[in-house]
Amino acid sequence: MGIFYCEKDGTFTLQTKNTTYQMKADRQGTLLHTYYGQKTDRTDKSYWICCRDRGFSGNPYGMDRAYSLDTLPQEYSCFGTGDYRISALKVKNTDGSAASALRYVSHEITEGKYSLPGLPAAYGTKEEAQTLIVTLQDCATNLKVELYYGVLEEVDLFTRAVRITNDGEGNIVLQKAASMSIDWQSGAYDRLTFCGRHTMERNPERARITHGVQSVGSVRGTSSHQSNPFMMICDESTTEEQGDCYGFSFVYSGEFLMETEKDQTEQTRLVCGIHPDNFEWTLEPGESFVTPEVLMAYGKGFGAVSRIFHEAIREHICRGEWKHKRRPVLINNWEGTYFDFTGDRLVDIAQEAAALGVELFVMDDGWFGRRDDDNSGLGDWYPNEEKLGCTLQELGERITALGMGFGIWFEPEGISEDSDLYRAHPEWAVRIPGRKPCLSRNQLVLDFSRKDVQDYVIDRLKAVLSQAPISYVKWDFNRSICDKYSDALPKERQGEMAHRFVLGLYRVLEELIRAFPHILFEGCSGGGGRFDAGMLYYTPQIWCSDNTDAIERLKIQYGTSFGYPVSTMGSHVSAVPNHQTGRITPLSTRGCVAMAGNFGYELDVNRMTEAEKTKGREQIALFKKHYDLIQYGSYYRLCSPFAGTVTVWETVSPDGTEALVSAVYHHVQSNPAPVYVRLGGLREDRMYRLELIGVREECTLPVNDGEDIFGQGQILSGAALMHCGLMVPEALNGFQAWQIYLQAQ
Ligand code: DGJ
């Protein structure tokens, strides 16, 4: 039981294993937020709300000058009726006014986790989850707002979403319909956001929450490379392992806004939802709108909160056959050939890769229509048999005859002006009549808000996926969306297009994963431009970045790990000099970094030396041997790639009896000071044998290397490793990697 209602004091207390969330309908019916944090008893926490007469903070109940919506901590803040802080809800009423004021009406508690029609959401059985729906109403307009709460007790996860219904007589226009708001009555907080750009996604940035409004978001049609819909809010003193930390993950792949505001009385508010700049949704009488969901977690330290999200996403967002099925080690031909390939060349690569132990061959961009560069052909999802030299079925059969799976790339939302599809259906491209559309990568966007477009894409992809033995799809999208307009919507509903586009995408994905449950779908948007919990509901892994440089990847994967598990991050070994940075790193380092994800290769194996192939074979065998530990282990960030000389991370098996510590030098010094790390998650009372594993490069430097430290199979206690620490072996060469395997004796 995770949800408790106390009729006497009007409190709703939501409990998980280690956390408590509480709200209360006060005597006026306002739903106040009273607590979120470490687990407590269920007593009413409203005792610490400070009500006093503050000038210029108005009073809805005239005579009580101490009662103001402008200072009370709210559960779902509204615009226009005296709360001057950022709001979750802003509407245009039938009379043109923009005000709403919500009062408690009723509530309902049910077993199991609610789901959201047409939207991704965490799921949980009756044994795993409970749902609370609190119904609020604006008495003046009869707008009904149902606040949904999911409680996943064992995972320490709460979820929130909102359903808004027009129970009035005329149209109401939603101008902002956030999925949640929350107020902290006391405390001084920092926010950790994950911003970046193409080929440098999800760089963590920590900033003080100051007075006024700060926000991150996207108006790019997708969640974007530039900011990720995940935020942590923490004490100023919070570290990886200690201090209050809250995490919020928006389960949505479109435009979002996450705003924080510190107000006049030092309270902090967070509002999270669909970005209002491209959003306006008309509700006719009787119609409803459902917002996407937010996942919320609290813990001590960033690490603890990350581990909650890892489990939540792995076990309650990712679905289908591939949720727990071993993901194949793959080879993708993109950086190996780009557009320059034939069927024979692909089979050559696949054949060499199969000999190394690679299990899946993925044919990337360029197999369809007229597509020898990125200027044409998008939308023409018909195999180019002339280029391939055979049919898709024949190619698939040649690959699968090697004992490998066969995978294929699509960019279903893309359309080239130079394509048969565009020539037949120019109205299917997103563009504003009378305006020249803005091209990006010389392509336009297919209007996924249209049902006819969705149906066409579903049918065409089904036809391709049925004509060859395909077991994997890479679902790419290579531009941001602007010029938002849909020929299929009336002018007063153009504000619905951006969200309808995302709903259309979800519908297409849902149809395809249902029709082909055995196919592993990998998300991608120019790398990690749509790396969010929404996409992970459909595609259990996502290509993390178009940047395959191992040293740059340390930062990208480190940032990504704050909100997403290793099992979701596509990560490949590519050739050197690296195609994005020109950097040369050892193969062992590239392998070590790529193994912290869904491991694969992205190069022409025929160009590897025999020595490299031998190392590759060993790498793949090592990854397969430790697959469960890497994919399902608890993840600890031990040293950041943004500081010092070495990035270190650790995965520990759920029972704490084995662990893998990986270390990569991103900076090599002469005469370096020793680097120590304290491990996490081990069992204090157990002894662990330490073993250096992984492919290593030759070295002649006189350093304190791993062999000196671990060569004899050193045995240390869990308590020593966690409290005293472990010395990381020195770097033998530039960008040295070490992998240390620990097994309890
Ligand atoms: C962007 C992806 O991230 C790459 O891996 C590759 O698939 C290209 N698109 C192909 O156009």
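Note that the coordinates shown come from a computational prediction; the quantities given were computed from them, not determined experimentally. Just follow the structure's listing: the first ligand is 1, and inside any ligand the first atom is 1.
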Atom indices of ligand 1 within 4.0 angstrom of [X] heavy atoms, with elements:
X	value
D365	10 (C), 11 (O)
C524	2 (C), 3 (O)
D546	1 (C), 2 (C), 3 (O), 4 (C), 5 (O)
W543	3 (O), 5 (O)
G526	1 (C), 3 (O)
G527	3 (O)

- Does the side chain of T647 come within less than 4.5 Å of F642's, by heavy atoms?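 No - every pair of side-chain heavy atoms lies 4.5 Å or more apart.
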- Message: So, 4.0 Å and heavy atoms of K474: is ligand 1 close enough to count as a contact?
- Response: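 Per 4.0 Å heavy-atom rule, K474 contacts ligand 1.
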- Query: If you draw a 6.0 Å radius around NZ in K625, do more than 12 non-hydrogen atoms from other residues or ligands fall strictly inside?
  - Reply: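 Open.
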Which one holds for [X] and ligand 1: side chain close, backbone close, both close, or neither close, with close meaning a heavy atom under 4.0 Å?
X	answer
N478	side chain
R441	side chain
E411	neither

- Query: Between F302 and R637, is there a cation-pi geometry (under 6.0 Å to ring centre, at most 45° from the normal)?
  - Reply: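 Pair R637/F302 does not count as cation-pi.
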- R202 NZ/CZ over F562 ring centroid, <6.0 Å and within 45° of normal: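 No, cation not above the ring by the 6.0 Å, 45° rule.
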- Message: Among all the protein's non-hydrogen atoms, which is closest to atom 1 (C) of ligand 1, and how far away is it?
- Response: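 Ranking protein heavy atoms by distance from atom 1 (C) of ligand 1, first comes D476 OD2, 3.0 Å.
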- Message: Please list the nearest protein heavy atom to atom 6 (C) of ligand 1 with its residue and the distance rounded to 0.1 Å.
- Response: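 Checking every protein heavy atom, the shortest distance to atom 6 (C) of ligand 1 gives D364 OD1, 3.3 Å.
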- Answer with yes or no whether the side chains of Q226 and R197 bring together a donor and an acceptor at under 3.5 Å.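 Q226 and R197 do not have a side-chain donor-acceptor pair below 3.5 Å.
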- Does a salt bridge link E255 with K484, judged by any charged N lying under 4.0 Å from a carboxylate O?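 So E255 pairs with K484 through a salt bridge.
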- Are any of the side-chain nitrogens in K624 or E359 under 4.0 Å away from the carboxylate oxygens of its partner?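 A salt bridge is present here (some side-chain N lies under 4.0 Å from a carboxylate O).
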- Do the ring planes of H225 and H198 sit parallel (below 30°), tilted (30 to 60°) or perpendicular (above 60°)?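 Aromatic pair H225/H198 classed perpendicular.
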